[in-house]
Amino acid sequence: MEIRSVKSVDDLDAVKKIYRTQKALLGFLPDGAFQQRADSDQIYIVWVDGQAAGYVLFSTNQSYEVRIAHLCILDRFQGRGFAKQLIAALVKAHPTHSRIRLNCRADYPAAHIWPRLHFTEVRRFAGKKQDGSELIAFHLPISEMPLFDSLDGADETATVVCDTMVCIDLENTDRPHHRSSSGLRADWLVDEISLKVTPEILTDLGRQDEPLRSDMVSAVKRRWDQVVADHLKVEQQLREVRKIMGDPKNDSSASDQRHIAIAAAVEAAAFVTRDEEILSFREPILSSLGLRLLLPSEFITEYDSVLNSHRYQYRELSRSGIERTRVRSIDEFDLKLFVDQARGERLKSFRAELNAMLAVPREWEIYRVSSRSNENIALIAIRVLEDGGRDVRRLRLNRDLVGTRFGRILVEYFADQPLGAWRSGERRTVTISDLCPSPLLLDACARRGWCHAGDSMWRLSLPGCWTQDALRSELSSLLMAGRVPSRVIEEILQLVDLDHSASGNESETQRLERLIHPGKVVFGQLPTWVIPIQPRWAQELFDFRLWDLPLFDPETSLVINPDSAYYKRPRNSPTAPFGRILWYVSGNEEKGGGKIRACSALTRRVAGTVKDLFREFQRFGVYEWHHLMKHFKDAEAQGLAIEFTSTELFESPMSRDDVNDVLESHRMKRQIFPSAVAIPDEAFQEIYLRSTKSET
């Protein structure tokens, strides 16, 4: 007996042959889904004396679960312990995952077998199929994980919106596309997604002939949940849809556009449709609205990557045109969206406080963050201190954005780059002393180098390049002057006093640079690479100056997404997991190319096959699978993912000729930067200092 992951065409054909013997019980799964699972090493097959005896097909998710979709043993091989062996193989291959999880119909014989395999029944719930079957959720613990979610209650599921034709397909077994759509209601998928329709479906059905119209209206009202979306959000999204798809040609296309707008407004994971015209707009709709348009079979095939990534769409921000503007009157805001009534705040006193700030413009600055589709994204009130510091007294996100992808990303941005305070080139402190801080903001600040002291969060901005002695002296003077709490200074001093020349302390050197960002240290063993990047990806990943779009901050070019990943071939790439990146944007100088334009912190490098890297880093939402296949050609090709953060855009980007002059002065050859180039610390310091010097 041998258990192995499916690697060959023969292995996969054997799995499909077993599947066909139990297809009525297992439900529909398209060939593409089998291939995708095989490519991801998510099918294990049992071979006995040259015969395929059974298989298990599964997926993994961001809750550290292994989700079994199929476990099937041929009748003649049952009772010999092969199912138990397949489960053991899953446990062995996923030691850091929390559990194995599955759903089984209560009326299937297998419902009595799972407990014998040491699975525990957690809950029972209704299935989605028309026969009203009851499902049992089983799980088998693998390890204790910090974020181990209980199965006792209903889990949060991702919304998948079906268009009218897919809904009709699912309700009518005699329709040609019923089979290919039925996988959306598979038992193994039912508690991962919530299939819903939009209210626009009733308008669509009103144009159908009888008896289909009456039958479907009755079915929708009895068996389908309709999404509920804010009218203003729908209208905002509809304007974006029409910019992409054009004005509707007829009533049917008008309904199609409203379906998409409503699905985008409720942040659905996907909109499933068979309409080829709609699908032809899938890329611009994803780029602008963050909504995936998919065939039912495509969703079933790609569901795990869709669900794992749809909450992490950075891409939608790159098209939003958000900006920050100085407020002259409180009437510019809808203040109700920013008052925390749950913690006792009242609108009247909140308004009075902001008006008092506006009355002293030299001491207080109030900003509004807005976009072309939302005038009230965030409210920021900053006190300008005499020593040059900034006290952020109010930092509020529109309450309607709390819990959304847009809101989470924006808060990460605020925490990573505190309102452009460090862009001035001056040494200063930034505090957030809001009495009602959002838990979302607190979590983001904890991850991004903020120190808690009293009721405030603190961060230092110490631009420039620092020797160990100079940095120690600067921190000590801040402590003696009483400008910064001792707790904050002592935390940083502990890092300064480490032996940064010792191998293995590179992560601590990088942590120190994060705490004094954008400052850099000239001691330690933190390596630097110049990495080439095409203008198209530079603008997607970090540099808005390459676009003709509104900027977040009108005065400086700031980065939106604080974390991202870049794919490269392993050869001539960074060799260490920590370091600095100088981004050399290649291409036409008229489009911003031929210069080093930014510096980032390299926080992680992961080598592996392209398919594995894509699955791990797809959550950053910039690269699609076809981009990687165009570059690497083969899903099994070896690649390298470079994760980076805290990108600083240079005030004075250096041309390649000027950079090469610096490299030559440090005994290096001149470069055209076809791939990553490691440079010495002295060269980095000179390039960095010249690039961050403001042009006069």
Side-chain angles (χ1 to χ4, degrees), residues 228-236 265-267 320 322-371 373-386 389-415 418-421 429-446 448 450-459 485 552-553:
V228 178
D230 179 86
H231 173 72
L232 292 178
K233 289 183 179 179
V234 172
E235 292 303 311
Q236 291 165 359
V266 300
E267 293 195 328
S320 64
I322 59 176
E323 59 184 355
R324 187 180 81 184
T325 54
R326 185 86 177 260
V327 171
R328 303 301 175 186
S329 169
I330 293 305
D331 293 335
E332 296 179 27
F333 286 106
D334 182 356
L335 289 183
K336 297 189 298 295
L337 297 170
F338 304 103
V339 175
D340 193 340
Q341 295 179 338
R343 299 192 194 183
E345 282 190 335
R346 295 293 179 263
L347 178 60
K348 184 177 180 180
S349 57
F350 192 71
R351 174 183 292 275
E353 178 188 46
L354 293 177
N355 274 321
M357 294 176 182
L358 284 176
V360 192
R362 292 187 178 181
E363 182 178 351
W364 290 94
E365 298 174 354
I366 300 180
Y367 292 94
R368 179 179 67 173
V369 179
S370 60
S371 73
S373 60
N374 189 342
E375 295 182 350
N376 293 280
I377 291 176
L379 179 156
I380 308 161
I382 306 171
R383 185 181 182 187
V384 181
L385 305 179
E386 290 182 359
R390 298 291 189 270
D391 177 20
V392 183
R393 191 63 57 88
R394 294 291 179 263
L395 177 48
R396 300 295 175 85
L397 191 68
N398 182 326
R399 66 186 178 207
D400 292 338
L401 298 177
V402 174
T404 67
R405 289 173 291 175
F406 187 94
R408 284 190 293 269
I409 297 163
L410 196 60
V411 166
E412 291 290 337
Y413 172 79
F414 286 147
L419 315 176
T429 61
V430 182
T431 61
I432 299 178
S433 59
D434 195 324
L435 296 177
C436 300
S438 162
L440 202 64
L441 177 64
L442 293 175
D443 289 344
C445 288
R448 298 191 179 279
W450 291 77
C451 303
H452 280 267
D455 294 328
S456 301
M457 293 173 289
W458 291 73
R459 186 161 170 179
F552 183 81
D553 187 323

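Count residues from 1 along the sequence.
Val327 approaches Ile330 most closely through the heavy-atom pair CG1-N, 4.5 Å. The nearest pair of heavy atoms linking Met457 to Cys445 is SD-CB, 3.6 Å. Scanning both residues, Asn398 and Asn376, for their nearest heavy atoms gives ND2-O, 2.6 Å. Between His452 and Leu442, the closest heavy-atom pair is CE1-CD2, 4.1 Å. Of all the heavy atoms in Val339 and Phe350, the pair that sits closest is CG2-CD2, 3.6 Å. Nearest heavy atom pair, residue Val266 against residue Ala229, reads CG1-CB, 3.6 Å.
Atom CG of residue Leu337 and atom CD1 of residue Ile377 lie 11.5 Å apart, to the nearest 0.5 angstrom. Note: Asp434 CG to Leu441 CG = 8.0 Å, rounded to the nearest 0.5 Å. One distance of note links CZ of Arg368 with CD1 of Ile380; it measures 12.0 Å at 0.5 Å rounding. One finds the SG atom of Cys436 at 12.5 Å from the CG atom of Leu395 (value rounded to the nearest 0.5 Å).
Residues in residues 357-366 take part in these salt bridge (Lys or Arg N to Asp or Glu O under 4.0 Å) pairs, two or more places apart or across chains: Glu363-Arg383.
Just one residue in the list Thr325, Leu379, Ile382 forms a side-chain contact (heavy atoms from CB on, under 4.5 Å) with Tyr367, and that residue is Ile382.
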Could you go through Glu353 and Arg393, starting from their C-alpha distance and side-chain angles, then the distance that decides it, and tell me whether this counts as salt bridge (Lys or Arg N to Asp or Glu O under 4.0 Å)?
CA-CA 11 Å; Glu353 178 188 46; Arg393 191 63 57 88; 5.8 Å; no
Could you walk me through whether Arg326 and Ile366 pass side-chain contact (heavy atoms from CB on, under 4.5 Å), step by step?
CA-CA 6 Å; Arg326 185 86 177 260; Ile366 300 180; 6.0 Å; no
Does the pair Phe338 and Leu354 meet the rule for a side-chain contact (heavy atoms from CB on, under 4.5 Å), with working shown?
CA-CA 12 Å; Phe338 304 103; Leu354 293 177; over 6 Å; no
Using the side-chain contact (heavy atoms from CB on, under 4.5 Å) rule, take Asp334 and Glu375 through it: C-alpha gap first, then chi angles, then the decisive distance, then the call.
CA-CA 9 Å; Asp334 182 356; Glu375 295 182 350; over 6 Å; no
What do the steps show when you test Asp331 against Arg351 for side-chain contact (heavy atoms from CB on, under 4.5 Å), and what is the final call?
CA-CA 9 Å; Asp331 293 335; Arg351 174 183 292 275; 3.5 Å; yes
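A donor-acceptor contact shorter than 3.5 Å is absent between the side chain of Arg396 and the backbone of Ala381. Put simply, the side chain of Arg459 gets close to the backbone of Ala415: a donor and an acceptor are under 3.5 Å apart. Formation of a donor-acceptor pair under 3.5 Å by the Arg343 side chain with backbone atoms of Pro437 is found in this model.
The environment of CG in Asp455 is sparse: at most 12 heavy-atom neighbours from other residues, nucleotides or ligands sit within 6.0 Å.
You'll find the side chain of Phe414 stays beyond 4.5 Å of the side chain of Val392, heavy atoms only.
By the salt bridge (Lys or Arg N to Asp or Glu O under 4.0 Å) test, Glu332 is found to be paired with no residue, residues two or more places apart in sequence or in another chain being considered.
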